[in-house]
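First up is the structure itself, then whatever we jot down about it.
Atom set for the values below is all heavy atoms of this structure, side chains included, hydrogens, waters and symmetry mates excluded. Proteins get letters first, then strands, A, B, ... in listed order; numbering begins at 1 in each.
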Protein chains: 2
Amino acid sequence: MIRVVLAEDQAMVLGALAALLEIEADLEVVGRAADGAQALALCEELRPDVLVTDIEMPGLPGLELAAAVKAKGLATRVLILTTFARPGYLRRALDAGASGYLLKDAPSAQLADAVRRVAAGLRAVDPELAAEAWSEACPLTERERQALRLAALGRSAPDIAGELGLSEGTVRNYLSEAIGKLGAANRIEAARIARDKGWL
Amino acid sequence: MIRVVLAEDQAMVLGALAALLEIEADLEVVGRAADGAQALALCEELRPDVLVTDIEMPGLPGLELAAAVKAKGLATRVLILTTFARPGYLRRALDAGASGYLLKDAPSAQLADAVRRVAAGLRAVDPELAAEAWSEACPLTERERQALRLAALGRSAPDIAGELGLSEGTVRNYLSEAIGKLGAANRIEAARIARDKGWL
DNA sequence: CGCGGGGCATGACATCCGTCACCCGCCCGC
DNA sequence: GCGGGCGGGTGACGGATGTCATGCCCCGCG
């Protein structure tokens with residue numbers, strides 16, 4: 001019997017996924033969490049074989065959750081289940097020690113199989129996503145990412161300069177760099193592109 | 001036995017919701033659709049009691065799907081199931097003839113109840129969402145919405161003018177109007193606010 | 001009929017943005 | 001120890017953006 005903990009912030013989806021897994025005779029959902037911190041606590045307490053988790057969750061996001069589980073030396077394998085087909089996410093997930101990366105767009109029948117593969121110590125990664133993951137690395141520097149993230153919220157250059165402790169001119173330089181690297185026409189488009197790729 | 005058709009673009013979630021509903025003895029999932037057009041065809045063919053549908057779907061979005069079902073004179077009741085707690089969406093859903101509006105954040109146990117309520121001819125609307133729905137109407141005019149939507153994609157004023165067949169100055173006027181009405185500092189923030197409220 | 005308001009446009013002005021050239025200081029490798 | 005990256009900064013320029021005043025046309029409504 002494979003013991004599973006589920007983490008997903010949308011309660012309805014959490015319950016539905018649990019129902020889906022419970023159908024399988026060899027799987028057992030032993031814990032459910034609505035956020036990352038709760039999931040981590042459950043993993044420590046219940047020592048499940050597999051943790052199935054979303055990426056975007058309040059508090060502790062899925063990627064950090066995966067890293068935390070590994071850091072604590074738990075034998076629990078992590079399977080990421082997410083909406084986003086973003087190469088950057090997959091790469092970071094694997095870096096964080098995740099064993100699998102499944103898309104919510106994938107057929108529901110694949111979930112149980114992926115859980116079994118991961119429980120057996122194998123990897124379960126969406127194949128077409130894996131291809132571009134290693135090709136497309138994020139070209140932005142840390143500072144450029146920070147500036148772009150704030151710009152995406154509508155902050156002006158002086159605002160951003162204040163929040164990052166930089167000068168206005170430097171902020172414009174970073175944004176200009178980012179715009180150039182991403183082939184965008186302005187900061188708005190650049191932010192869209194970066195978000196879509198998972199580079200935030 | 002209440003006959004249900006499910007429409008949801010994320011295959012994994014679609015399968016999981018079906019599993020959740022199939023648990024109930026009095027509910028039967030007779031059809032599944034991955035997009036709006038498919039859902040409409042299934043409703044015509046199968047004449048289900050209830051159609052449970054997401055809002056954001058490729059092709060025919062959920063709100064138009066609801067309107068189409070009603071326009072065809074089908075007895076099928078529509079229950080919207082979505083991520084977005086946006087007053088604008090709820091209002092438009094009810095205008096489109098939907099009988100219920102449930103959030104994916106709600107506990108999964110509520111889904112079956114909502115389906116039963118809707119099948120019985122009652123309404124099923126998230127109560128706290130209902131409150132603000134009638135208070136906050138979208139203050140933007142049609143033109144302002146169009147301009148803002150394009151601006152949100154990173155288009156420049158001249159670009160937008162071209163796409164809408166307006167002059168550049170007029171586009172700037174509309175955006176300025178929208179920024180003022182929404183209390184934003186610039187077009188980027190205005191777009192964020194409008195998106196969050198469901199005014200697009 | 002008159003008049004107000006919405007949609008559209010123009011022109012002008014002050015900022016803000018995107019770009020470029022160039023500068024400094026620091027750390028790292030050769 | 002010295003030349004280059006690299007992070008950070010300055011200054012300037014042209015174009016984009018946000019605001020305001022003003023004007024036109026058209027339609028609905030009192």
Taking R77(A) first and then D49(A), would you say they form a salt bridge - that is, a charged N and a carboxylate O separated by under 4.0 Å?
no
Given atom CD of E168(A) and atom P of dG18(C), what is their separation to the nearest angstrom?
11 Å
For the backbone of M12(B) and the side chain of Q10(B), can you confirm whether one donor and one acceptor N or O come within less than 3.5 Å of each other?
no
Any side-chain heavy-atom pair from D54(A) and D9(A) closer than 4.5 angstrom?
yes
Using a cutoff of under 3.5 Å, can you pull out all pairs of nitrogen or oxygen atoms linking the protein to nucleotides 11-15 of chain C, with atom names and distances?
none

Is any side-chain heavy atom of I80(B) closer than 4.5 Å to one of L102(B)?
no
Any donor and acceptor pair, going by atom type alone, linking the side chain of R117(B) with main-chain N or O of R123(B) inside 3.5 Å?
yes
Going 5' to 3' along DNA chain D, between which two nucleotides do contacts with chain A fall, using a heavy-atom cut-off of 4.0 Å?
dG7(D) to dA12(D)
Could you check if a side-chain atom of L153(A) sits within less than 4.5 angstrom of a side-chain atom of I188(B), using non-hydrogen atoms only?
no
Whether the side chain of R47(B) engages the backbone of E44(B) through a donor-acceptor N/O pair (distance < 3.5 Å, no angle test) should be reported.
yes
Look at the side chain of E189(B) and the backbone N and O of A185(B), then say whether any donor-acceptor pair between them is shorter than 3.5 Å.
yes
Determine which pairs satisfy side chain to side chain donor-acceptor pair (under 3.5 Å) with at least one residue from residues 61-76 of chain A, sequence neighbours left out, and list them in order.
none
Under a single-linkage definition using a 4.5 Å side-chain heavy-atom cutoff for Ile, Leu, Val, Met, Phe, Trp and Tyr, are V5(B) and L60(B) assigned to the same hydrophobic cluster?
yes
When you measure from the side chain of E144(B) to the backbone of T141(B), do you find a donor-acceptor pair of N or O atoms at a distance under 3.5 Å?
yes
Same cluster for L46(B) and V4(B) if Ile/Leu/Val/Met/Phe/Trp/Tyr side chains link at under 4.5 Å?
no
Decide, yes or no, whether a salt bridge links R143(B) with E177(B) under the criterion of side-chain N to carboxylate O below 4.0 Å.
no
Which residues in residues 182-194 of chain A have a heavy atom closer than 4.0 Å to any atom of DNA chain C?
N186(A), R187(A)
Give the residues of residues 149-165 of chain A touching DNA chain C, defined as any heavy atom closer than 4.0 Å, sorted by residue number.
S156(A), A157(A), P158(A)
Any donor-acceptor pair under 3.5 Å linking the side chain of D26(A) with the backbone of M1(A)?
no
Is any side-chain heavy atom of L21(A) less than 4.5 Å from a side-chain heavy atom of L111(A)?
yes
Between the protein and nucleotides 3-7 of chain C, list the N/O to N/O atom pairs that are separated by less than 3.5 angstrom.
none

